[in-house]
Amino acid sequence: MSRPAVPLWLAHAFRAQRGPVPWSAVCRGALSAGPLLAAGLLAGQTALGVIAAIAAMLVGINDRPGSRRASVKRLGVPALAGALGLLLGTYAGQGLAAVPLTLALTALGLVAGGVSAVGPVASAAGTQLLVAASVGAGMPAAESGWLRAVAFLAGAGWLLVLRLALPSPGSLAGDFRFDGERQAVADVYDAIAALVAAVGGEHATARRAALTAALDHAQDALAGPRLRRYAGSAAERRLHARFAAALPLAEAATALYWVGEPVPARAAEGPRRLAAAVRGDTGTGPLPAPHRSAPAQRALDDALLGAADAFDRGEGAHRGLLGRRRGARHALRAALGAGGREYGLRVALCFGASAAIAQALHHSRWYGPHTHWYWLPATAVFLVKPDLGPLASRVLCRAAGTVLGAVVFAGFAALLPRPAGLIVLVAVCGAVIPVATRNFAALTAVVTVLVLALVMAGGEPQASVSRIGETLLACVLVLVVGHLPMPGERGGGVRARLTAAGGAAHAYLLHVLGESGDRAERWALRREAYRTLAEARTAIALAAAELPALARHTEGTDAVAEVLEQLVDTTTACAVHLDDTGRLTPRHLHQLREALGELEQRGMRVPVPAAA
């Protein structure tokens with residue numbers, strides 16, 4: 001007898017990311033919140049020390065693997081938003097009565113929710129803006145708002161300095177400033193080799209998706225801010241050249257995947273040797289002999305020779321090869337589009353309602369021993385975030401993690417000496433956060449222990465029971481709001497990403513069939529097509545794991561994404577074949593027409609180019 005399948009919304013709660021322990025991030029976490037709290041206590045500024053430690057904790061949650069300079073934006077922008085939120089929240093809490101304060105926080109939630117739809121960094125910024133605003137409004141103190149904001153920036157800046165200054169393990173052999181960039185580019189070549197080796201096999205589709213993820217990661221790693229006015233160091237130019245050399249290789253490997261015929265094993269050896277050269281910052285050495293029996297294989301060998309030449313010369317790459325920058329117009333479109341409006345309304349409703357309920361409980365006689373009411377709205381902000389997983393999964397993880405964290409802290413609070421024991425506990429939690437981010441329940445448990453320790457270090461009584469009650473109340477509130485009908489079409493965020501992916505695929509197809517000789521533009525369009533498609537795939541997977549009442553609104557979108565993926569793969573195969581022969585085969589034309597026709601049947605209109 002077969003066992004019934006576990007529902008997706010339940011299975012998602014138990015998923016955890018895998019990978020090696022990020023020891024460098026663990027060290028940074030241990031050196032951030034705990035020492036900042038200790039410095040505040042020693043200086044007699046406990047409240048400011050607590051705020052600095054909270055800022056370091058929030059930055060630590062965003063401290064993921066990646067390049068150093070890309071971390072300036074990934075960590076710095078949310079930190080600036082958090083400081084602004086703390087400033088606004090403090091002055092609003094000091095100057096407004098309960099009803100005007102609730103309305104102001106609701107309006108802030110509407111803006112932050114819309115901005116969060118722009119992308120991962122904007123989402124983190126919107127979250128920190130609202131969390132810090134609730135802390136500023138709900139944690140009354142003698143310090144002014146600007147002083148609190150400075151303390152917040154100091155705490156966040158301390159961890160960012162650690163991220164930029166401390167070398168990661170294994171990076172001291174070369175220029176450690178670019179260790180994250182080197183690893184990201186090397187992973188691209190490894191992904192190309194894995195795809196070539198898997199062509200014609202059952203794992204080929206997964207390897208093609210892994211190549212897209214590796215290219216996205218490397219593109220982000222190399223897009224960090226330049227620290228010099230001009231072209232940068234030789235190491236930076238060399239990395240850009242090596243990433244640029246990977247793009248035609250990735251294109252040829254995708255064309256081989258589309259053909260579906262296995263290739264000789266030695267074809268994957270060249271990209272593997274290039275990956276080793278990137279990691280060691282060395283030359284390529286001898287490469288395997290070419291195998292040129294088909295257009296895609298000839299393209300792969302030509303790209304391999306071109307890469308070897310680029311590795312030897314080390315010239316800078318054209319900036320356009322990193323893909324198109326998404327500027328202010330794209331951000332505004334995403335924030336004001338269907339996805340941004342829907343998410344903004346839900347965030348505003350959850351944040352405003354939770355702030356109103358928290359203030360009502362705060363003024364009641366049975367609220368509990370503590371006077372700070374920020375926990376309920378701050379919890380609601382995290383729970384309403386769709387990029388942390390499906391709604392039911394988020395609620396289950398948050399509830400379980402809070403209960404576990406509160407129980408664990410209650411035990412520590414009864415045993416640890418104060419304040420030294422609390423400082424050590426905060427430092428340990430800061431070190432564990434980079435590992436705990438792999439599962440939302442684990443992260444919630446660690447953050448709960450850390451926050452409760454900070455609250456007690458700030459002079460508050462032990463508040464584990466009230467935190468559990470407020471978390472469960474926030475869970476119920478977010479579940480209700482998450483199922484409420486909103487103006488516009490439900491699932492607008494998923495459809496907006498699908499529309500963006502369709503537009504990028506169409507632009508790429510037009511360029512290829514137009515037989516333009518600008519290969520840099522073609523590779524940039526190809527990157528945008530695959531990147532937007534990967535973002536749509538992620539949104540669709542999260543929506544499919546919602547409860548049935550929500551998942552039904554995005555049914556069929558996975559099939560549309562699959563057809564779009566076939567269209568982009570076929571376009572890539574067309575580009576390679578046109579380079580080699582100057583014409584398309586009947587198979588290419590049939591696949592293009594079939595994909596375009598199926599998209600039209602499924603309600604996505606992609607104009608058919610005349611050449612197809």
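Residues satisfying the side chain to side chain contact (heavy atoms under 4.5 Å, CB included) test with Ala496, not counting sequence neighbours, are none. Every residue was checked against the salt bridge (Lys or Arg N to Asp or Glu O under 4.0 Å) condition with Arg394, not counting sequence neighbours, and none meets it. For Arg74, the salt bridge (Lys or Arg N to Asp or Glu O under 4.0 Å) criterion is met by no residue, not counting sequence neighbours. Under the rule for a side chain to side chain donor-acceptor pair (under 3.5 Å), Thr448 has no partner lying at least two apart in sequence or in another chain.
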Worksheet entry | Verdict with supporting geometry, Thr90 and Trp146, side chain to side chain contact (heavy atoms under 4.5 Å, CB included) | CA-CA 9 Å; Thr90 298; Trp146 70 266; over 6 Å; no

Practice prompt. Would you please test Thr471 and Arg398 for side chain to side chain contact (heavy atoms under 4.5 Å, CB included) and show each step?
Written response: CA-CA 8 Å; Thr471 296; Arg398 185 75 186 190; 3.9 Å; yes

Discussion item. Is there a side chain to side chain contact (heavy atoms under 4.5 Å, CB included) between Gln17 and Thr437? Walk through the geometry before answering.
Written reply: CA-CA 8 Å; Gln17 298 175 355; Thr437 53; 5.8 Å; no

Discussion item. One pair to check against side chain to side chain contact (heavy atoms under 4.5 Å, CB included): His483 and Leu547. What are the steps and the verdict?
Written reply: CA-CA 10 Å; His483 287 79; Leu547 291 172; 3.7 Å; yes

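A pairwise comparison of heavy atoms in Val347 and Gly109 identifies CG1-O, 3.4 Å as the closest pair. Contact between Ala380 and Cys350 at its shortest, heavy atoms only, is CB-O, 4.2 Å. When all heavy atoms of Ala53 and Ala33 are compared, the pair lying nearest together is CB-O, 3.7 Å. What you find for Glu143 and Arg148 is that their closest heavy atoms are CB-CG, 4.1 Å. The nearest pair of heavy atoms linking Leu58 to Gln128 is O-NE2, 3.6 Å. Closest non-hydrogen pair, Glu546 versus Ala392, comes out as OE1-N, 4.1 Å.
For the pair Arg346 (side chain) and Val481 (backbone), a donor-acceptor distance under 3.5 Å is present. Using modelled atom types, one side-chain atom of Arg68 and one backbone atom of Leu166 make a donor-acceptor pair closer than 3.5 Å. Checking side-chain atoms of Glu181 against main-chain N and O of Ala218 turns up no donor-acceptor pair under 3.5 Å. In this structure, Asn439 contributes its side chain and Arg15 its backbone to a donor-acceptor pair below 3.5 Å. The backbone N or O of Gly29 sits less than 3.5 Å from a side-chain atom of Ser32, completing a donor-acceptor pair.
Residues Ile540 and Thr554 form no side-chain contact, since every pair of their non-hydrogen atoms from C-beta on lies 4.5 Å or further apart. Within the 4.5 Å cutoff, the side chain of Leu361 has heavy atoms near those of the Leu473 side chain. Put simply, the side chain of Phe351 does not reach to within 4.5 Å of the side chain of Leu110, judged on heavy atoms. Taking the side chain as every heavy atom from C-beta outward, Gln359 and Thr102 approach each other to under 4.5 Å. Using a 4.5 Å cut-off on side-chain heavy atoms (C-beta onward), Trp375 and Val451 make contact. Residues Leu160 and Val59 have side chains not in contact (no heavy-atom distance under 4.5 Å, counting atoms from C-beta outward). Considering only heavy atoms from C-beta on, Leu153 comes within 4.5 Å of Leu80 through its side chain. Residues Leu383 and Cys475 form a side-chain contact, since some pair of their non-hydrogen atoms from C-beta on lies under 4.5 Å apart.
Between the CD1 atom in Ile54 and the CG atom in Leu37 there is a gap of 10.0 Å [rounded to 0.5 Å]. Between Asn62 atom CG and Ser71 atom OG the span is 11.0 Å, to the nearest 0.5 Å. Of the inter-residue distances, the one linking Leu454 atom CG with Ile423 atom CD1 reads 10.5 Å to the nearest 0.5 angstrom. Of the inter-residue distances, the one linking Thr379 atom OG1 with Arg467 atom CZ reads 8.5 Å to the nearest 0.5 angstrom.
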Run the side-chain donor-acceptor check on residues 38-50: report pairs under 3.5 Å with partners two or more places apart or on a different chain.
none

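Side chain to side chain, Lys385 and Ser116 fail the donor-acceptor criterion of an N or O pair below 3.5 Å. Side-chain atoms of Ser134 and Trp373 form no donor-acceptor pair, as typed in the model, at a separation below 3.5 Å.
The cationic atom of Arg438 (NZ for Lys, CZ for Arg) does not lie both less than 6.0 Å from the six-membered ring centre of Phe14 and within 45° of the ring axis.
Counting only residues at least two apart or on different chains, the salt bridge (Lys or Arg N to Asp or Glu O under 4.0 Å) pairs with a member in residues 34-63 are Arg28-Asp63, Asp63-Arg163.
More than 12 heavy atoms of other residues, nucleotides or ligands shown are found within 6.0 angstrom of OH on Tyr91.
In summary, of the residues considered (Val384, Leu542, Val478, Leu396), a side chain to side chain contact (heavy atoms under 4.5 Å, CB included) with Leu391 occurs for Val478 alone.
The residues Lys73 and Asp220 are annotated as not salt-bridged, no charged nitrogen and carboxylate oxygen being separated by less than 4.0 angstrom. Classification of Arg531 and Glu528 as a salt-bridged pair fails, no side-chain N sitting under 4.0 Å from a carboxylate O.
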